[in-house]
Protein chains: 2
Amino acid sequence: MALMHPMSAHPNRPVYLKLRDQIAAAIIDGVYPEGAMLPSVRALAAEQGANPLTVAKAYQQFQNDGLVEVQRGVGMYVVRGAAERLRAAEREVFLREEWPEIRSRMARLGLDPADLVIIS
Amino acid sequence: MALMHPMSAHPNRPVYLKLRDQIAAAIIDGVYPEGAMLPSVRALAAEQGANPLTVAKAYQQFQNDGLVEVQRGVGMYVVRGAAERLRAAEREVFLREEWPEIRSRMARLGLDPADLVIIS
DNA sequence: ATGGCTGTATTATGGCACTGATGCACCCCA
DNA sequence: TGGGGTGCATCAGTGCCATAATACAGCCAT
């Protein structure tokens with residue numbers, strides 16, 4: 001039988017959002033440490049097979065949030081405390097918006113988080 | 001600070017997908033018991049403030065999966081065993097595709113499912 | 001100072017998903 | 001045999017996304 005939730009998240013999630021999530025994860029994980037320079041829009045675009053403008057759109061949100069600092073003509077740098085602020089913000093959103101839905105969904109499916117902790 | 005995941009889960013989730021999830025939940029929960037007729041596309045559209053076609057698109061997937069039976073000119077009916085098949089299928093997808101991502105995401109955020117079981 | 005790297009602004013274009021309005025085919029019941 | 005209820009097909013419109021081609025402004029090492 002065909003699956004029912006081919007995409008509970010989003011199948012056709014916009015590229016610039018995927019990039020944003022990926023970069024955010026990299027910052028939190030320390031792949032791009034504080035003070036380090038992010039890959040240039042052109043470099044990351046080439047690496048990811050995307051358009052430089054699309055990468056710029058992903059970067060845009062980070063400077064809006066003050067997580068990266070732009071030095072025109074030089075590059076974009078991860079500000080101090082960015083990783084922690086990012087993680088705190090994500091955690092906040094996760095607990096408030098995502099986790100309740102996940103819980104009720106699991107309940108409906110007859111699953112219990114306690115049981116799944118062991119598995120993975 | 002602006003949040004990071006304005007739509008990590010579903011901000012702009014298409015209406016027809018929201019409806020599909022909602023209907024699937026209703027079937028699993030027995031709101032629409034086996035053998036019962038689903039609300040007509042027009043009725044549900046009016047109730048949800050959506051377009052009849054959008055509702056039809058949501059229903060479409062259920063007939064593709066053989067979970068509902070169509071009687072032209074009459075209505076759509078929930079087939080026998082639909083709830084259980086639906087729940088099994090959803091559970092399969094959840095465990096295989098969603099849960100791993102949730103786990104790694106929680107790990108990145110410094111969260112542990114075991115701790116959150118108590119909260120909610 | 002010049003070439004090469006940064007990010008950024010502008011404009012245009014194609015594609016695709018979502019939504020909407022209308023009309024048709026079908027079935028049941030009075 | 002009508003009338004009102006089904007689902008369904010077609011066509012059109014709208015908006016977002018992604019791409020593209022340029023061009024500009026700033027910085028730096030050679």
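Residue numbers begin at 1 in each chain, while the letters A, B, ... track the order of the sequences.
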Taking atom [atom2] of [N] as reference, at what distance in whole Å does atom [atom1] of [X] sit?
X	N	atom1	atom2	result
Leu38(B)	dG7(D)	CG	C1'	12 Å
Asn51(B)	dT19(C)	CG	P	8 Å
Gln61(B)	dG7(D)	CD	P	16 Å
Lys18(B)	dA17(C)	NZ	C1'	15 Å
Gln63(A)	dT8(C)	CD	P	5 Å
Arg13(B)	dA17(C)	CZ	P	15 Å
Leu53(A)	dT13(C)	CG	P	17 Å
Gln71(A)	dT8(C)	CD	P	12 Å

**Study point:** Residue closer to the 5' end of DNA chain D, Val74(A) versus Pro52(A) (nearest nucleotide)
**Key:**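 Closest to the 5' end, via its nearest nucleotide, is Pro52(A).
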
Check your understanding: Taking atom types as they are modelled, is there a donor-acceptor pair under 3.5 Å from the base of dG7(D) to the side chain of Arg42(B)?
Key ->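 When only heavy-atom distances are counted, Arg42(B) does reach the base of dG7(D) through a donor-acceptor pair under 3.5 Å.
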
**Study point:** Side-chain N,O (Ser40(A)) to OP1/OP2 (dC5(C)) below 4.0 Å
**Key:**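 Indeed not, no polar side-chain atom of Ser40(A) lies that close.
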
**Study point:** Tyr16(A) side chain near dC17(D) phosphate (N/O to OP1/OP2, under 4.0 Å)
**Key:**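 For Tyr16(A), the contact criterion (side-chain N or O under 4.0 Å from OP1 or OP2 of dC17(D)) is met.
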
Exercise for review: State whether the side chain of Glu34(A) and the backbone N or O of Gly81(A) hold a donor-acceptor pair below 3.5 Å, judged by distance alone.
Suggested key: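 Yes, Glu34(A) side chain to Gly81(A) backbone: donor-acceptor pair under 3.5 Å.
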
Check your understanding: Measuring from Arg91(A):CZ to Arg108(B):CZ, what's the distance to the nearest 0.5 Å?
Key ->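 The CZ atom of Arg91(A) sits 13.0 Å away from the CZ atom of Arg108(B).
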
Review point. So which nucleotide from dG7(D), dT19(C), dG7(C) ends up closest to the side chain of Val41(B)?
Key: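 That would be dG7(D).
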
Review point. Is Leu86(B) reachable from Val70(B) through a run of hydrophobic residues whose side-chain heavy atoms are each under 4.5 Å from the next?
Key: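 Yes.
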
**Study point:** Side-chain donor-acceptor contact under 3.5 Å, Gln60(A) with Asn64(A)
**Key:**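 There is such a pair between these side chains.
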
